[in-house]
Amino acid sequence: MAASHKTGGLFEHEREQRLRQTAPLAERMRPATLDEFVGQEHILGADRVLRRAIEIDRVPSILFWGPPGSGKTTLARLIASVTRAYFEPVSAVSAGVADLRKAVAGARERQALHQHSTILFVDEIHRFNKAQQDVILPHVEDGTVTFIGATTENPSFEVNAPLLSRCRVFTLNALDNDAVAAIIERALKDDRRGLAPLAPQLEQEAMAHLVNIANGDARVALNALEMAVVSTPPGEDSQRRVTVEGIADALQRRTPQYDKAGDSHYDTISAFIKSVRGSSPDGALYWLARMLEAGEDPMFIARRLVILAAEDIGLANPGALPVAVAAQQAVHFVGLPEGRIPLAEATVYLATSPKSNAAYMALERALDDVRGRPHEPVPLHLRNAVTGLTRGMGYGAGYKYSHDYEGHFEAQEYLPPELSDRQYYEPSDQGSEAAIAERLRRWWSNAR
């Protein structure tokens with residue numbers, strides 16, 4: 001087997017030439033050097049550990065964790081190129097144990113015959129089961145391969161602990177708008193791999209819409225750009241003027257009037273929250289659909305539902321918070337598009353729940369006293385008497401253990417004397433909180 005730092009061996013040059021002609025733009029525009037790589041400065045900056053390890057060819061086994069289109073595969077390929085290692089890619093979607101063993105056998109042969117190292121890159125490593133991940137482990141340990149895995153899921157949950165412990169985990173962030181715009185500009189101007197030979201002119205509004213809808217995913221941005229440019233006929237001056245409508249058509253989405261960093265973002269989430277708080281499932285679902293169609297981060301929506309469940313529903317329906325948290329976990333687990341279903345379910349459940357902000361307001365009133373009054377000492381009967389000395393000082397004296405009394409309740413004071421008249425929690429008459437209010441009245445009616 002001929003030694004090579006890239007896939008394909010003897011005919012790699014011809015293969016690359018064919019790829020330039022037939023591969024999607026996102027594939028053609030993969031950076032050829034670290035300096036071309038856009039974004040992820042927190043791990044690739046000049047003074048960062050990973051950058052130095054790559055440049056001195058001392059790369060450990062690595063897990064790249066990040067959202068789609070953030071550059072995980074590109075970075076793995078760059079590492080192989082810069083370090084002159086043979087790049088052996090495996091997709092966990094289609095590969096099995098036999099493929100892994102074949103890749104390891106090739107690595108062992110290159111090492112023995114040519115002293116040539118191999119990077120085994122496993123894309124979507126979270127799709128491998130435990131047995132498949134175990135196949136990799138001994139060959140990482142003995143240095144046959146340097147392992148690089150890529151995953152969109154939390155590796156703490158999706159990668160076996162023994163393999164995880166032998167890897168450095170680097171988190172890649174979704175590309176920000178400036179990074180996506182820079183990648184688009186490069187593709188428009190590149191006359192070898194990019195679109196420059198087609199003479200594209202991307203309108204400013206079209207650029208803004210493409211950046212917005214790409215949601216930090218460079219692959220989405222580039223492939224939509226290519227389709228829009230190719231399908232736009234040249235004008236009399238041979239220029240292809242790509243409009244916002246052309247971008248929307250290439251993405252197969254209607255252009256939403258929504259800017260995730262602007263007023264529309266905040267106005268829409270405000271309308272959504274107020275619709276849920278106001279018990280309008282129809283209004284809430286409409287604004288939810290608007291946000292999802294515009295490419296809003298579903299985890300942002302889920303987080304707001306969790307907050308609303310505690311703040312605006314509270315103990316009027318104690319099941320609201322578990323439903324909201326379950327929706328957040330479901331969205332994290334399945335992603336979009338299916339994640340929109342638990343979001344809709346939680347939205348309707350919260351909108352149709354009885355509402356109370358009593359627990360939230362009780363905390364605010366308690367915080368007002370904590371911030372505005374001296375911090376009174378803990379009453380002696382509430383202190384923990386753990387030593388003879390503290391018992392001798394009266395710690396715990398007079399404390400009534402609730403379970404020793406009828407109904408598991410006996411009235412006693414739990415506030416400092418200076419605050420004994422305070423009542424922070426004032427339950428509403430809504431849903432389950434009405435029963436809580438009655439229970440509190442029964443317990444404390446004769447004590448206050």
Under 4.5 Å between any side-chain heavy atoms of [X] and [Y], yes or no?
| X | Y | result |
| --- | --- | --- |
| F272 | L288 | yes |
| T73 | F121 | yes |
| D123 | V90 | no |
| V220 | N223 | no |
| E203 | V242 | no |
| V135 | R101 | yes |
| E226 | L195 | yes |
| R373 | L419 | yes |

Would you say [X]'s side chain and [Y]'s backbone share a donor-acceptor pair under 3.5 angstrom?
| X | Y | value |
| --- | --- | --- |
| N357 | Y360 | no |
| R240 | T232 | yes |
| K72 | G66 | yes |
| R28 | A23 | yes |
| E311 | L308 | no |

[X]-[Y] side chain donor-acceptor pair, cut-off 3.5 Å:
| X | Y | result |
| --- | --- | --- |
| S402 | H408 | no |
| T268 | R290 | no |
| S356 | Q430 | no |

message: Tell me whether the rings of F409 and W443 are parallel (<30°), tilted (30 to 60°) or perpendicular (>60°).
response: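 Judged by the thresholds at 30° and 60°, the geometry between F409 and W443 is parallel.
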message: With side chain to side chain donor-acceptor pair (under 3.5 Å) as the criterion, how do T74 and R30 come out once you've worked through the C-alpha distance, each side chain's angles and the decisive distance to 0.1 Å?
response: CA-CA 6 Å; T74 295; R30 288 190 188 277; 2.6 Å; yes
- request: Please list, chain by chain and in numerical order, all residues satisfying salt bridge (charged side-chain N to carboxylate O under 4.0 Å, His left out) with E426, sequence neighbours excluded.
  value: none
- line: E36 meets the salt bridge (charged side-chain N to carboxylate O under 4.0 Å, His left out) criterion, sequence neighbours left out, with R193
Check residues 40-53 and write down every donor-acceptor pair under 3.5 Å in which the side-chain atom is one partner and the other belongs to a residue at least two apart or another chain.
unit_1: Q40; atom_1: OE1; unit_2: N173; atom_2: N; d: 3.0
unit_1: Q40; atom_1: NE2; unit_2: S70; atom_2: O; d: 3.3
unit_1: Q40; atom_1: NE2; unit_2: N173; atom_2: O; d: 2.7
unit_1: H42; atom_1: NE2; unit_2: T171; atom_2: O; d: 2.7
unit_1: R48; atom_1: NE; unit_2: H42; atom_2: O; d: 3.0
unit_1: R51; atom_1: NE; unit_2: E55; atom_2: OE2; d: 2.9
unit_1: R51; atom_1: NH1; unit_2: L44; atom_2: O; d: 3.1
unit_1: R51; atom_1: NH2; unit_2: D35; atom_2: OD1; d: 2.9
unit_1: R52; atom_1: NH1; unit_2: D47; atom_2: O; d: 2.5

field: Residues that S353 engages under side-chain hydrogen bond (donor to acceptor under 3.5 Å, both in side chains), provided they are two or more places apart
entry: N317
field: For Q133, all residues meeting side-chain contact (heavy atoms from CB on, under 4.5 Å), sequence neighbours excluded
entry: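 side-chain contact (heavy atoms from CB on, under 4.5 Å) check on Q133 returns I125, F128, V159, N160, L163.
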message: Taking D134 first and then K130, would you say they form a salt bridge - that is, a charged N and a carboxylate O separated by under 4.0 Å?
response: yes
query: When you measure from the centre of the six-membered ring of Y424, is the NZ or CZ of R365 under 6.0 Å away and within 45° of the axis?
result: no
message: Show me the pairs that pass salt bridge (Lys or Arg N to Asp or Glu O under 4.0 Å) and involve residues 344-356, at least two apart or across chains.
response: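 For residues 344-356, and leaving out neighbouring residues, there are no salt bridge (Lys or Arg N to Asp or Glu O under 4.0 Å) pairs at all.
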